[in-house]
Amino acid sequence: SAAGTIRTARSPRPRNGEPSPRFMWWALERESMVVIAAVEEDSGAHRIVEKASELADAFDEELHVVHVEDQYESTEQIRRSSQANPGAEIDTDNPKRIATATAERIASEAVEEFTAVGLVGYPGQEVLSYADDVDARYVVIGGRRRSPVGKALFGSVAQEVILGSDRPVISVRNRPK
């Protein structure tokens, strides 16, 4: 979506001081966008943040480092906690705080300027939804080499984001261990 307004800019005035209409051009003023670094806790997360930061700097955009706590795992943690402590108050916002803290920790080890974002849900869907919500310019994700059988059995967050996004997605391959 093209946000912004169109305005006219004039070239420097000719020697007689009158503006010359043949030297007019159009400039697009747009609202600020963001570059998203979608990270998980693995050895390649810092590379993802660094590449996303390079893009954000190149386009003078904000960097948002996003970590998603898996919906199923978060629900299981809450269920186990409630079973272990019957009648106790359960903090259902804790998974989101954990996700935000994870994004903060990963990003702070790689760059200085960023916004840490913690989400809870199904990672591919949450990254795509967040990218739409903030009208991201780019989404930077990690990828690892997997067999076709592995992809079919376990799915791939990177594959879901690449195929489901309507904006540019950059995949940063994790270095082999």
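Both backbone and side-chain heavy atoms feed into the values below; hydrogens, waters and symmetry mates do not. For the single chain, residues carry numbers from 1 onward in sequence order.
With hydrophobic clusters built from ILVMFWY side chains whose heavy atoms lie under 4.5 angstrom apart, Leu119 shares a cluster with Val134. Under the 4.5 Å side-chain heavy-atom criterion for Ile, Leu, Val, Met, Phe, Trp and Tyr, Ile162 and Val66 are members of the same hydrophobic cluster.
Remark: the backbone N or O of Ala56 is not paired with any side-chain donor or acceptor of Arg137 at under 3.5 angstrom. Side-chain atoms of Ser108 come within 3.5 Å of backbone N or O of Arg105 as a donor-acceptor pair. At least one donor-acceptor pair closer than 3.5 Å links the side chain of His67 to the backbone N or O of Val39. Remark: side-chain polar atoms of Glu69 are not paired, donor with acceptor, to backbone N or O of Val120 under 3.5 angstrom. Looking at Thr102, its side chain does come within 3.5 Å of a backbone N or O of Ile98 through a donor-acceptor pair.
The two atoms that bring Val65 and Phe114 nearest to each other are CG2-CB, 4.1 Å, heavy atoms only. Contact detail for Ala136 and Ile36: the closest heavy-atom pair is CB-CD1, 3.7 Å. When all heavy atoms are compared, the tightest approach of Ala52 to Ala37 is CB-CB, 3.6 Å. Residues Ala158 and Gly142 approach most closely at CB-O, 3.4 Å, considering heavy atoms. Closest non-hydrogen pair, Ile106 versus Ala45, comes out as CG2-CB, 3.6 Å.
Of the residues listed (Gln125, Glu126, Glu40), the one engaging Val68 in a side chain to side chain contact (heavy atoms under 4.5 Å, CB included) is Glu126, and it is the only one.
Using a 4.5 Å heavy-atom cutoff, the side chains of Glu76 and Glu73 are not in contact. Counting heavy atoms from C-beta outward, Leu128 and Val161 have side chains that approach closer than 4.5 Å. Within the 4.5 Å cutoff, side-chain heavy atoms of Val169 are placed close to those of Ile141. In this structure, Val35 and Phe59 have side chains that are not in contact, with every pair of non-hydrogen atoms separated by 4.5 Å or more. The shortest distance between side-chain heavy atoms of Arg167 and Asp132 falls below 4.5 Å. Contact check for Val111 versus Leu63: side-chain heavy atoms found under the 4.5 Å cut-off. Side-chain atoms of Thr115 and His64, non-hydrogen and from C-beta on, do get closer than 4.5 Å to each other.
The neighbour count for Glu89 CD, taken as heavy atoms of other residues, nucleotides or ligands under 6.0 Å away, does not exceed 12. Around CD of Glu113, the count of heavy atoms belonging to other residues, nucleotides or ligands within 6.0 Å does not exceed 12.
Expressed to the nearest 0.5 Å, how far OG of Ser53 lies from CD1 of Ile48 amounts to 13.5 Å.
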